[in-house]
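Quick caveat, the model's predicted, so the values are computed rather than measured.
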Amino acid sequence: MRQIFVTKPLLFDYFAGQVTAIQRSQIEEWALDPSNEEFFYLCLHEWELSRPMYQANLPEGIERFHKQLEMPSLTNEQPTDAIEKRQPRNPWWTWSIQLAAASFLLISLVTLWLYQEQIFTKTYTTNYGQTQSFTLEDGSKVSLNANSSLSVPRFGFGSSTRTIFLKGEADFSVVHTKDDKRFLVKTGASFDVEVLGTEFTVLARENQSKVVLTKGKVNIQYRSKNQRPQLFTMKPGDLVSLTDKGNMEIKKVMHPENYSAWKNNRFVFDKTNLKEIVTLLQNNYGIRAQIEDKELLDYSLSGSFQARNAEELLTALSEILPVSIQQKDKKVIFKSIH
């Protein structure tokens with residue numbers, strides 16, 4: 001079957017139900033490609049704006065219905081042409097049209113509400129063991145770590161707003177705008193990151209929350225359950241972490257760029273204990289790790305290691321630490337070899 005070239009006029013015909021069955025099938029197959037998703041929704045948004053839905057006036061329809069019921073009935077003595085002229089429309093037909101229009105409007109609004117996130121936002125996602133780099137519309141560059149997602153407004157980003165939503169871990173290089181428009185990274189954790197132009201890394205997972213500033217200046221908008229919202233200004237080299245109890249801790253690090261080394265398939269450990277490594281395996285690769293001997297919790301690791309996947313990282317750990325590693329599918333057991 002010859003593949004069609006999908007254009008805006010063709011998509012408009014598709015939305016209006018004016019394409020052939022073959023065209024509909026090919027367009028729907030074309031729309032499944034993630035690279036075509038943004039163009040599809042932009043056309044859908046433009047098509048909906050140019051064709052506002054009919055809004056039924058139910059009170060007016062009911063009033064007209066009652067007036068038709070009160071019209072005097074025609075007698076057999078009236079001429080046929082008079083009967084044809086005065087014959088009112090079937091009131092039930094008018095009511096059906098009003099009801100159908102209202103139902104269509106309700107269904108359309110419900111559909112728009114259910115799929116508003118897909119329509120109005122573009123989401124970048126990565127699987128376990130996968131990283132992705134891309135450039136936003138304002139020129140800012142983003143590297144997304146494994147098992148993460150970043151949502152960006154489809155319309156107006158860079159011109160009316162620069163607010164994005166992060167789940168997971170990402171490294172940002174934000175460009176400065178002429179009008180000093182702020183760049184806001186919102187997270188599901190108890191903090192948001194506000195910047196004007198800088199380089200920084202954000203980790204916002206259920207079990208870990210960190211912000212590391214490499215260059216420039218950022219404000220951390222911190223929210224605590226028992227305190228008022230706080231604003232903290234970070235300087236290059238600052239590492240801000242949220243503890244398990246929800247408190248904010250700040251410390252200086254010599255090499256903040258090491259916290260985004262995963263962009264190059266590199267892991268840098270600085271007195272990192274085995275418990276933290278277990279968390280990394282879970283977050284980045286979806287591997288559940290079990291430490292069988294409690295004495296292993298005291299082990300720490302320092303150094304830089306190149307690893308393109310979980311297997312290479314586990315191999316490096318087994319060669320450096322005095323542990324044996326047993327792996328089965330997505331589960332790993334650390335045992336002491338002493």
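Partners of Phe157 by ring-ring contact (aromatic ring centres under 6.0 Å, His included), not counting sequence neighbours: none found. Legend: residues meeting ring-ring contact (aromatic ring centres under 6.0 Å, His included) with Tyr128, ordered by chain and number and at least two apart, are absent. Partners of Phe200 according to the ring-ring contact (aromatic ring centres under 6.0 Å, His included) rule, which considers only residues two or more places apart in sequence or in another chain, are Phe172. Applying the side chain to side chain contact (heavy atoms under 4.5 Å, CB included) rule to Ala146 yields the partners Asn284; only residues at least two apart in sequence or on another chain are considered. Under the salt bridge (charged side-chain N to carboxylate O under 4.0 Å, His left out) criterion, Arg288 pairs with no residue at all, not counting sequence neighbours. Applying the salt bridge (charged side-chain N to carboxylate O under 4.0 Å, His left out) criterion to Asp179, with sequence neighbours excluded, gives Lys181. Under the salt bridge (charged side-chain N to carboxylate O under 4.0 Å, His left out) criterion, Asp270 pairs with no residue at all, not counting sequence neighbours. For Tyr285, there are no ring-ring contact (aromatic ring centres under 6.0 Å, His included) partners two or more places apart in sequence or in a different chain. Scanning for salt bridge (charged side-chain N to carboxylate O under 4.0 Å, His left out) contacts around Glu137 gives an empty result, with sequence neighbours left out.
For Tyr222 and Phe232, the ring centers are positioned 6.0 Å apart or more.
For residues 299-311, the pairs satisfying salt bridge (Lys or Arg N to Asp or Glu O under 4.0 Å) are Arg308-Glu312, with sequence neighbours left out.
By the 4.5 Å side-chain criterion applied to Ile, Leu, Val, Met, Phe, Trp and Tyr, Tyr259 is assigned to a cluster that also includes Val212, Leu239, Val253.
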Could you give the side-chain donor-acceptor pairs of residues 7-17 under 3.5 Å, partners two or more places apart or in another chain?
residue: Thr7; atom: OG1; partner: Leu10; partner atom: N; Å: 3.4
residue: Lys8; atom: NZ; partner: Glu46; partner atom: OE1; Å: 3.1
residue: Tyr14; atom: OH; partner: Glu28; partner atom: OE2; Å: 3.1

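Put simply, the side chain of Glu249 does not reach to within 4.5 Å of the side chain of Val240, judged on heavy atoms.
Shown here for Gly168 and Ser148, the closest heavy-atom pair between the two residues is CA-OG, 3.4 Å. Counting all heavy atoms, side chain and backbone alike, Phe334 lies closest to Leu274 at CE2-CD1, 4.2 Å.
No side-chain donor-acceptor contact under 3.5 Å links Asp293 to the backbone of Leu296.
A side-chain donor from one of Asp171 and Thr201 sits under 3.5 Å from a side-chain acceptor of the other. Defined by atom type and a distance below 3.5 Å, a donor-acceptor pair is present between the side-chain atoms of Asn219 and Thr233. A donor-acceptor pair shorter than 3.5 Å can be found between the side chains of Ser143 and Ser133.
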